[in-house]
Protein chains: 2
Amino acid sequence: MVDVAKRAAVSVKTVSRVVNGEEGVRPDTKARVDEAIRQLGFRRNDSASDLRRGRAEGIGLIVENMSDPFYSVIGAAVERVARLQRHLLLMGSAEGSAERERDLTGAFLSRRVAGLIVVPAIEDHHWLAAELAAGTPVVFVDRPASGLSADAVLTDNDAGVRSAVEHLAARGHRNIGFLGDNPEFWTAGQRLAAFGSATAALGLRSDLTAMGPHEVEGIAALVETWTRDSDPVTALVTGNNRLSVTALRALRRVGKRLALVGFDDFELADMVEPAVTVVAQDPAAMGEQAAHLLFRRLAGEGGPARTVVLPTRLVVRDSSHLV
Amino acid sequence: MVDVAKRAAVSVKTVSRVVNGEEGVRPDTKARVDEAIRQLGFRRNDSASDLRRGRAEGIGLIVENMSDPFYSVIGAAVERVARLQRHLLLMGSAEGSAERERDLTGAFLSRRVAGLIVVPAIEDHHWLAAELAAGTPVVFVDRPASGLSADAVLTDNDAGVRSAVEHLAARGHRNIGFLGDNPEFWTAGQRLAAFGSATAALGLRSDLTAMGPHEVEGIAALVETWTRDSDPVTALVTGNNRLSVTALRALRRVGKRLALVGFDDFELADMVEPAVTVVAQDPAAMGEQAAHLLFRRLAGEGGPARTVVLPTRLVVRDSSHLV
DNA sequence: TTGTAGGCGTTATCAT
DNA sequence: ATGATAACGCCTACAA
């Protein structure tokens with residue numbers, strides 16, 4: 001900047017004003033500065049700017065796995081909003097590890113990012129409270145933070161699962177099996193509980209649940225067991241899209257055509273055989289809302305922590321019509 | 001850091017040494033400093049560190065679309081390598097726009113990132129040469145940079161397309177249609193050229209190509225035309241995974257069961273009907289290799305620009321066996 | 001083993 | 001409308 005200032009025969013402060021588009025620079029002065037910038041190929045050093053201002057114009061995003069479509073769509077949405085606000089996106093995968101999540105958080109905070117958007121792993125987050133109080137806003141996505149009151153964007157897991165159960169019940173299914181993830185994951189626990197209450201409310205069996213099996217073999221065995229009964233399971237609800245796909249493979253493997261409703265839509269759900277009915281979430285909206293919440297806080301909005309709960313949508317496809 | 005120094009009754013330099021794990025600090029001194037750090041909740045300001053060192057410990061990644069599985073897998077691989085090297089990942093979507101690509105590049109360079117990994121949009125990159133010369137390494141992925149000699153990681157498009165054509169020819173197909181993207185995209189052009197040479201080498205027709213149609217309608221109409229002939233097309237090769245899926249939908253729409261081989265594998269390719277034979281690329285390997293190339297340059301490796309060409313793999317599924 | 005001085009490039013403050 | 005000067009927090013070089 002000094003070089004530019006010299007060449008344009010002005011002070012560095014004037015150069016700074018031009019670079020930042022501030023008011024109060026005569027057009028001809030600005031022109032001289034711009035020309036000097038062009039000639040020297042000058043580019044502002046944002047590290048210095050960040051240091052002086054105390055904050056970096058970037059937001060940190062921590063997801064479980066960047067290559068999972070659910071998270072990459074969230075990431076893309078966050079990045080789009082961030083760009084409109086002239087912020088960069090720093091992104092990392094915690095891979096379900098609380099330690100990595102803390103490391104990433106620490107790295108982002110060291111870089112003095114303007115804010116953080118986090119899909120939290122299983123763990124307590126009270127240690128983040130100090131940072132929050134120190135003025136770095138944090139928004140949680142998909143699952144709320146435990147031990148901490150912070151903004152969050154969630155999906156209406158309860159209504160989503162209920163819509164799946166009611167849909168199947170309306171088609172005459174009485175014994176519905178639920179395949180979920182490890183209930184230590186907040187969403188898995190929520191969906192399991194929702195399955196319990198939805199089935200109970202309709203007078204259906206609530207005990208046909210299995211949390212954990214991820215492999216085709218395990219699920220295939222389970223399906224065999226559930227369908228050997230004199231009063232067999234005739235429909236499945238799966239707790240996330242990976243389980244939907246695995247269940248589909250398992251059903252093919254054992255040659256059973258049970259009805260199936262999956263939580264979370266997935267690419268080509270309409271092209272597989274059978275096309276899978278799903279309870280669709282809207283990950284792009286989740287990312288967008290989270291980023292909006294964050295930038296609102298950055299704009300100085302106060303008040304208590306907000307929680308945005310997004311609705312789900314039942315997308316009926318062929319797998320509803322089996323059995 | 002001054003606060004920590006005061007509390008531990010040492011100089012800031014000693015604190016700096018402890019924070020950076022440098023040699024030559026007595027254990028008891030280190031213990032005192034660590035305790036002060038803990039008490040004060042101190043966290044190093046990386047903006048200041050970056051400024052002083054002249055480089056940020058982060059790498060910038062520019063892709064076309066963060067939510068596309070191909071790119072998100074590349075991103076995840078880059079991030080993994082970056083983390084091992086204690087670097088953060090800054091990521092953005094250029095969305096096929098040369099202007100956005102330049103903006104993002106500029107933003108990353110302003111932040112003085114250690115290096116750049118770019119999936120280039122259609123355009124000349126000689127303007128980047130100055131930065132390259134100034135010491136910021138750049139690695140291109142999926143397509144090479146034009147007007148600039150830089151490291152690149154590519155897929156062997158020629159061998160990939162050839163393997164598809166030879167596979168179909170071996171199954172007796174003589175009239176193979178090729179559906180590609182706009183040949184302004186480097187990969188699309190490469191694959192089209194490869195199709196031309198592979199068919200010519202086998203004495204097959206090379207003129208059954210269509211570059212551009214992306215919609216089910218357009219492709220359906222094309223298939224109708226190609227199959228109305230007295231000497232009809234019996235097999236298709238598609239130039240990327242979106243086209244594979246669209247072609248699949250189009251074939252269903254018009255009720256034709258042509259053989260199909262797609263370039264690039266996709267999730268559930270084995271579960272759709274018919275399961276689609278593909279020429280698989282390895283995006284995770286591409287991202288990983290690109291990051292390795294970058295860090296090798298950062299470690300001071302000199303020499304001319306390297307180009308790494310990764311092989312493809314033909315994955316045979318049901319769609320090979322039609323007609 | 002530990003400390004002092006100076007400067008990285010920018011922006012805020014206060015002058016002019 | 002423009003400029004001089006002092007931070008921002010850290011690290012390099014050198015000194016003790």
Side-chain angles (χ1 to χ4, degrees), chain A residues 1-37 40-58 86 88 106-114 134-136, chain B residues 1-37 40-58 86 88 106-114 134-136:
Chain A
M1 224 172 221
V2 270
D3 300 337
V4 175
K6 271 189 199 123
R7 178 174 279 254
V10 296
S11 73
V12 284
K13 179 65 226 194
T14 297
V15 177
S16 172
R17 277 191 259 260
V18 171
V19 167
N20 293 298
E22 285 171 34
E23 300 290 293
V25 179
R26 270 213 319 262
D28 60 320
T29 312
K30 172 165 159 32
R32 265 206 338 277
V33 172
D34 282 334
E35 175 60 15
I37 287 175
L40 270 51
F42 167 82
R43 173 168 278 142
R44 179 179 68 188
N45 184 326
D46 283 343
S47 300
S49 178
D50 290 348
L51 171 59
R52 182 60 238 230
R53 296 204 230 247
R55 291 241 142 274
E57 297 195 323
R86 335 216 82 237
L88 288 178
F108 288 155
L109 290 172
S110 284
R111 201 127 264 142
R112 300 299 188 266
V113 292
T136 305
Chain B
M1 223 174 222
V2 269
D3 300 337
V4 175
K6 273 190 197 123
R7 180 174 278 256
V10 296
S11 73
V12 284
K13 178 65 231 196
T14 299
V15 177
S16 172
R17 277 191 259 261
V18 172
V19 167
N20 293 301
E22 285 171 34
E23 300 288 293
V25 179
R26 270 214 318 264
D28 60 319
T29 311
K30 172 166 158 35
R32 267 206 337 278
V33 172
D34 282 334
E35 174 60 15
I37 287 175
L40 270 50
F42 167 81
R43 173 168 279 141
R44 180 178 68 188
N45 185 327
D46 282 344
S47 302
S49 177
D50 291 347
L51 171 59
R52 183 60 241 241
R53 296 204 230 250
R55 291 241 143 273
E57 297 196 321
R86 336 218 81 235
L88 287 179
F108 289 155
L109 290 172
S110 283
R111 201 127 264 142
R112 301 297 188 267
V113 293
T136 305

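Letters A, B, ... mirror the listed sequences (proteins, then strands); counts begin at 1.
One interatomic measurement links the two molecules: CG of Asn45(B) to C1' of dA7(D), which rounds to 14 Å at whole-angstrom precision. Rounded to whole Å, atom P of dC10(D) lies 12 Å from atom NZ of Lys13(B). Distance, Glu23(A) CD to dT2(D) P: 13 Å, rounded to whole Å. Distance NZ (Lys6(A)) to P (dT2(D)): 20 Å, rounded to an integer number of Å. Rounded to whole Å, the distance from CZ on Arg43(B) to P on dC10(D) is 12 Å. Going from atom CD of Glu57(B) over to atom P of dC10(D) covers 14 Å, rounded to whole Å. Rounded to a whole Å, the CZ atom of Arg32(A) is 15 Å from the P atom of dA1(D). The distance between atom CG of Leu51(B) and atom C1' of dC11(D), rounded to the nearest whole Å, is 10 Å.
As judged by a 4.0 angstrom heavy-atom cut-off over every strand, Ala5(A) is placed among residues making no nucleic acid contact. Using a 4.0 Å heavy-atom distance criterion, Ser47(B) is classed as making no nucleic acid contact. Within 4.0 Å (heavy atoms only), Val10(B) reaches sugar-phosphate atoms of the nucleic acid but no base atom. Note on Asn20(A): only backbone sugar-phosphate atoms sit closer than 4.0 angstrom, heavy atoms only; bases stay farther off.
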Would Arg55(B) and Thr136(B) count as a side chain to side chain donor-acceptor pair (under 3.5 Å) here? Give the steps. CA-CA 9 Å; Arg55(B) 291 241 143 273; Thr136(B) 305; 3.2 Å; yes
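Neither OP1 nor OP2 of dC10(D) sits under 4.0 Å from any side-chain N or O of Ser16(B). Listed pair Thr14(A) / dA1(D) fails the phosphate criterion, with no side-chain N or O lying under 4.0 Å from OP1 or OP2.
Within the 4.5 Å cutoff, side-chain heavy atoms of Thr14(A) are placed close to those of Ser11(A). At a threshold of 4.5 Å between non-hydrogen side-chain atoms, the residues Arg111(B) and Arg111(A) do not count as touching. Residues Arg112(B) and Asp50(B) fail the side-chain proximity criterion, which asks for heavy atoms closer than 4.5 Å.
Mapping Arg44(B) and Arg17(B) onto DNA chain D by nearest heavy atom places Arg44(B) closer to the 5' end of the strand. Residues Val12(B) and Arg112(B) both approach DNA chain C. Their nearest nucleotides, taken by heavy-atom distance, put Val12(B) toward the 5′ side.
Chain B approaches DNA chain C over the interval dT1(C) to dG9(C), counting the first and last nucleotide 5' to 3' with an atom under 4.0 Å from its heavy atoms.
Asn20(A) and Arg44(A) share a side-chain donor-acceptor pair at under 3.5 Å.
A salt bridge links Lys30(A) with Asp34(A): the closest approach of a Lys/Arg side-chain nitrogen to an acidic carboxylate oxygen falls below 4.0 angstrom.
Looking at Arg32(B), its side chain does come within 3.5 Å of a backbone N or O of Ala8(B) through a donor-acceptor pair.
Nearest nucleotide to the side chain of Arg52(A), out of dA1(D), dA7(D), dT12(D): dA7(D).
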